[in-house]
Amino acid sequence: MKVQICIGSSCHLRGSEAIVKTFGRLLKEEQMDAQVELCGSFCMGACSKGVSVKIGEGIYHVKPEDAEDFFHEVIQKEAVR
Ligand code: FES
């Protein structure tokens with residue numbers, strides 16, 4: 001499964017780097033790095049409240065402080081599908 005994190009300027013200012021780090025750490029902790037591929041993406045044209053994160057066709061907006069919850073609630077669930 002591919003998780004794309006926007007590193008465009010607007011998302012960068014909202015903390016995309018912190019989100020990449022959090023997801024990377026959790027993938028290792030949960031031993032999911034073989035299942036989930038993290039990659040950066042240019043602007044998705046969806047700059048709004050949080051950092052744009054794309055999983056499949058879905059675009060989510062994630063704040064750095066919510067990255068851990070998002071990982072458990074969305075990424076882990078999507079990965080077992
Ligand atoms: S900069 Fe991330 S969606 Fe535009």
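Counting starts at 1 for both ligands and their atoms, in listed order. Only a predicted model underlies this, so the values are computations on that prediction, with no experimental measurement involved.
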Please tell me if the side chains of K63 and R14 come closer than 4.5 Å, counting only heavy atoms from C-beta onward.
->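 With C-beta onward as the side chain, the pair stays apart.
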
Does the side chain of V36 reach to within under 4.5 Å of the side chain of E78, using non-hydrogen atoms?
->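 With C-beta onward as the side chain, the pair stays apart.
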
Same apolar cluster: V53 and V74, side chain cutoff 4.5 Å |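 As far as the 4.5 Å side-chain criterion goes, V74 and V53 are connected within one cluster.
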
Using 2.8 Å as a strict upper limit, say whether an N, O or S atom of C6 approaches atom 2 (Fe) of ligand 1 that closely.
->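 Under 2.8 Å: C6 contacts atom 2 (Fe) of ligand 1 through an N, O or S atom.
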
Return the residue, atom name and 0.1 Å-rounded distance of the protein heavy atom closest to atom 4 (Fe) of ligand 1.
->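 Ranking protein heavy atoms by distance from atom 4 (Fe) of ligand 1, first comes C47 SG, 2.2 Å.
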
Under a 4.0 Å heavy-atom limit, does C43 contact ligand 1 with its side chain, its backbone, both, or neither?
->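 Both backbone and side chain.
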
Verify the distance test for C11 against atom 4 (Fe) of ligand 1: any N/O/S atom under 2.8 Å, yes or no.
->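 Of the N, O and S atoms in C11, none lies under 2.8 Å from atom 4 (Fe) of ligand 1, which means no.
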
Identify, by atom number and element, the atoms of ligand 1 in contact range of [X], meaning under 4.0 Å from any of its heavy atoms.
X	value
S10	1 (S)
A46	3 (S)
G8	1 (S)

Which value, rounded to the nearest 0.5 Å, describes the distance between L27 atom CG and T22 atom OG1?
->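 Output value for this atom pair is 10.5 Å.
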
Rounded to the nearest 0.5 Å, what separation is found between the CG atom of L38 and the CE atom of M32?
->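 The CE atom of M32 is 10.0 Å from CG of L38, to the nearest 0.5 Å.
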
Measure the acute angle between the ring planes of F70 and Y60, then classify it against the limits of 30° and 60° as parallel, tilted or perpendicular.
->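 Aromatic pair F70/Y60 classed perpendicular.
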
